[in-house]
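Remarks on the structure that follows.
Numbers restart at 1 for each chain; the letters A, B, ... are given by sequence-line order, proteins then strands. Side chains are part of it too, since the values below use all heavy atoms of this structure and drop only hydrogens, waters and symmetry mates. Computed from a predicted structure; not experimentally measured.
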Number of protein chains: 2
Amino acid sequence: MRSTEYTDQQEQIARIAKAMGHPARMRILNFLAAQDSCFFGDINEVLPIAKATVSQHLKELKDAGLIQGEIEGPKVRYCINRENWELASRLFRSFFKELKEKPTCCE
Amino acid sequence: MRSTEYTDQQEQIARIAKAMGHPARMRILNFLAAQDSCFFGDINEVLPIAKATVSQHLKELKDAGLIQGEIEGPKVRYCINRENWELASRLFRSFFKELKEKPTCCE
DNA sequence: AATATTGTTCGCAAATGTACGAACAATATT
DNA sequence: AATATTGTTCGTACATTTGCGAACAATATT
């Protein structure tokens, strides 16, 4: 068939997975999911990389929709984007579920 | 604290997520999860890219542990690696679950 | 034995990702 | 007003990823 396009599902989950595809970004997500206070400085403190790089990673997570940030005085507060977090959760869940319906494969 | 290392959990899920972070590889996984016959040629047929590139993507998925391949005559049969698929499923599920235990964040 | 089929590997080009320090902008503090 | 704090953006360097065609290796077929 060789269709030129990928499905929205495939694009969507790939986009989220890609954002999760770096240990620094996973640590950020873990941290945000566990903490209530989540200023940039707090995040920066738990990562072994320069703040410029942390800022970049945060941008990628924000672009993927997994987090959001808002300015608060001179600081910036970052949070998990709960709506998209739920969406992502459902996407991955149903993706992995696909196989469970099949008894065996390739035999 | 600024630890130099990331946790095994973070490394592990990042590795899997990275492998899932491309629509072509998601299509491959979807295809393999749905099909019983899964020769290279079948996979190649449903992707809009050259076979050399398909082969590369398959290698990445194999290195990440999500699929496996075995030679069968002149053909190569690819399958989901069910054990690691289950592992990945659990990893993602518990990762996304983290947030559910917290009532609200950042307010 | 010669040829066809099936995938992988090689070599290359272009794009993207990762990381850093320096410079910058915006708000707080003195 | 001058200075300090907080993050982002810029410019750069290097590594990795993605993609392709050509060449290759291995098995099948004629």
Please give, in whole Å, the distance from [N] [atom2] to [X] [atom1]?
| X | N | atom1 | atom2 | answer |
| --- | --- | --- | --- | --- |
| B:Lys18 | D:dA15 | NZ | C1' | 10 Å |
| A:Phe40 | D:dT9 | CZ | P | 11 Å |
| A:Asn44 | C:dG21 | CG | P | 12 Å |
| A:Leu58 | C:dA19 | CG | C1' | 15 Å |
| B:Glu60 | C:dG17 | CD | P | 14 Å |
| B:Ile49 | D:dG19 | CD1 | P | 5 Å |
| B:Tyr78 | C:dT6 | OH | C1' | 11 Å |
| A:Arg15 | C:dG17 | CZ | C1' | 14 Å |

Which residues share a side chain to side chain donor-acceptor pair (under 3.5 Å) with B:Glu60, sequence neighbours left out: B:Arg25
By nearest-nucleotide position on DNA chain C, the 5'-leaning member of B:Gln56 and B:Val76 is B:Val76
Whether A:Arg27 side chain and A:Val46 backbone form a donor-acceptor pair below 3.5 Å: yes
Sort me out a list of protein N/O and nucleotides 24-27 of chain D N/O pairs below 3.5 Å, or just none if empty.
none

For the CD atom on A:Gln68, are there more than 12 heavy atoms of other groups (residues, nucleotides or ligands in this structure) within a distance under 6.0 Å? yes
State whether the number of non-hydrogen atoms from other residues, nucleotides or ligands found under 6.0 Å of B:Glu72 atom CD is greater than 12. yes
Which stems does DNA chain D form, counting runs of 3 or more consecutive Watson-Crick or G-U wobble pairs with both distances under 3.5 Å? C:1-30 with D:1-30
Value rounded to 0.5 Å, distance of CD1 in A:Ile80 from CD1 in A:Ile67: 7.0 Å
What distance do B:Phe95 atom CZ and B:Gln9 atom CD have between them, rounded to the nearest 0.5 Å? 10.0 Å
Evaluate the side-chain proximity of A:Phe96 to B:Arg93: yes if any heavy-atom separation is below 4.5 Å, no if none is. no
Does any part of the side chain of B:Ile28, heavy atoms only, come nearer than 4.5 Å to the side chain of B:His57, both counted from C-beta? yes
Where do A:Met26 and A:Met20 land on the side chain to side chain contact (heavy atoms under 4.5 Å, CB included) test, with the steps shown first? CA-CA 6 Å; A:Met26 281 308 301; A:Met20 293 172 62; 3.8 Å; yes
Check this one for me: any side-chain N or O of [X] less than 4.0 Å away from OP1 or OP2 of [N]?
| X | N | value |
| --- | --- | --- |
| B:Thr53 | D:dG19 | no |
| B:His57 | D:dT17 | no |
| A:His22 | C:dA19 | yes |
| A:Arg25 | C:dT18 | yes |

